[in-house]
Amino acid sequence: MSEFGPICIYLVISPLVSLIPLGVPFPFASNSSTYPEKWSAYECGFDPFGDARSRFDIRFYLVSILFIISDPEVIFSFPWALPLNKIDPFGFWSMMAFLLILTIGSLYEWKRGASDRE
């Protein structure tokens with residue numbers, strides 16, 4: 001049991017360290033929910049004039065998805081920081097296959113006009 005002692009202490013102290021800062025403000029907070037002004041609608045000093053659930057253009061989502069796809073491209077390119085004589089043929093050809101798939105996807109996106117702006 002002595003070898004698990006530090007783990008048990010950690011499991012007791014870590015929730016306390018995270019929950020105590022969450023609970024400290026409550027005794028000092030004022031009851032501001034009783035003011036009617038707190039319950040009124042507020043949008044830059046004006047009454048709201050539109051629905052909060054307005055539709056976004058699909059291109060917004062498309063650009064974000066294309067950005068998310070480009071992040072693994074950079075991560076998978078990190079092994080190429082090694083000199084090419086230290087990468088075995090399997091590593092070289094797997095990277096070539098990855099770059100081929102990436103190129104085909106980029107050409108498909110370009111031909112479909114996914115990144116065009118109007």
Side-chain angles (χ1 to χ4, degrees):
M1 182 65 185
S2 65
E3 60 193 33
F4 294 114
I7 294 174
C8 293
I9 292 171
Y10 175 76
L11 290 175
V12 169
I13 291 178
S14 61
L16 292 176
V17 168
S18 62
L19 292 176
I20 287 174
L22 288 174
V24 166
F26 286 106
F28 302 107
S30 65
N31 192 2
S32 61
S33 63
T34 58
Y35 301 116
E37 193 63 31
K38 289 286 186 179
W39 291 99
S40 67
Y42 177 77
E43 184 176 319
C44 301
F46 300 104
D47 289 331
F49 50 85
D51 187 18
R53 298 186 182 272
S54 62
R55 291 182 177 244
F56 285 100
D57 191 11
I58 191 68
R59 289 186 202 101
F60 172 76
Y61 298 111
L62 189 58
V63 168
S64 65
I65 288 172
L66 293 175
F67 178 74
I68 290 171
I69 290 172
S70 68
D71 287 343
E73 169 193 345
V74 173
I75 292 170
F76 287 136
S77 300
F78 280 154
W80 279 78
L82 294 172
L84 283 177
N85 61 356
K86 295 197 186 258
I87 298 176
D88 61 346
F90 177 75
F92 176 78
W93 288 112
S94 62
M95 190 62 176
M96 287 295 122
F98 171 72
L99 290 175
L100 177 70
I101 293 169
L102 188 68
T103 304
I104 291 170
S106 297
L107 290 174
Y108 178 76
E109 168 200 341
W110 179 50
K111 289 299 246 180
R112 294 286 305 232
S115 59
D116 291 343
R117 312 239 174 170
E118 290 182 2

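This is a predicted model, so every value here is computed, not measured.
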Practice item. Determine, using the 4.5 Å side-chain heavy-atom cutoff (strictly less than), whether Ile20 and Phe28 are members of one ILVMFWY cluster. Key: yes
Check your understanding: If Ile, Leu, Val, Met, Phe, Trp and Tyr residues are connected whenever their side-chain heavy atoms lie under 4.5 Å apart, and connections chain through other members, are Leu19 and Phe26 in the same group?
Key ->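 Per the 4.5 Å side-chain linkage, Leu19 and Phe26 are not co-clustered.
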Table please: side-chain donor-acceptor pairs of residues 94-106 below 3.5 Å, with sequence neighbours left out.
from, atom 1, to, atom 2, distance (Å)
Ser94, OG, Phe90, O, 3.0
Ser94, OG, Gly91, O, 3.0
Thr103, OG1, Leu99, O, 2.7
Ser106, OG, Leu102, O, 3.0

**Study point:** By side-chain contact (heavy atoms from CB on, under 4.5 Å) - contacts of Ile13 (at least two apart)
**Key:** Ile9, Val17
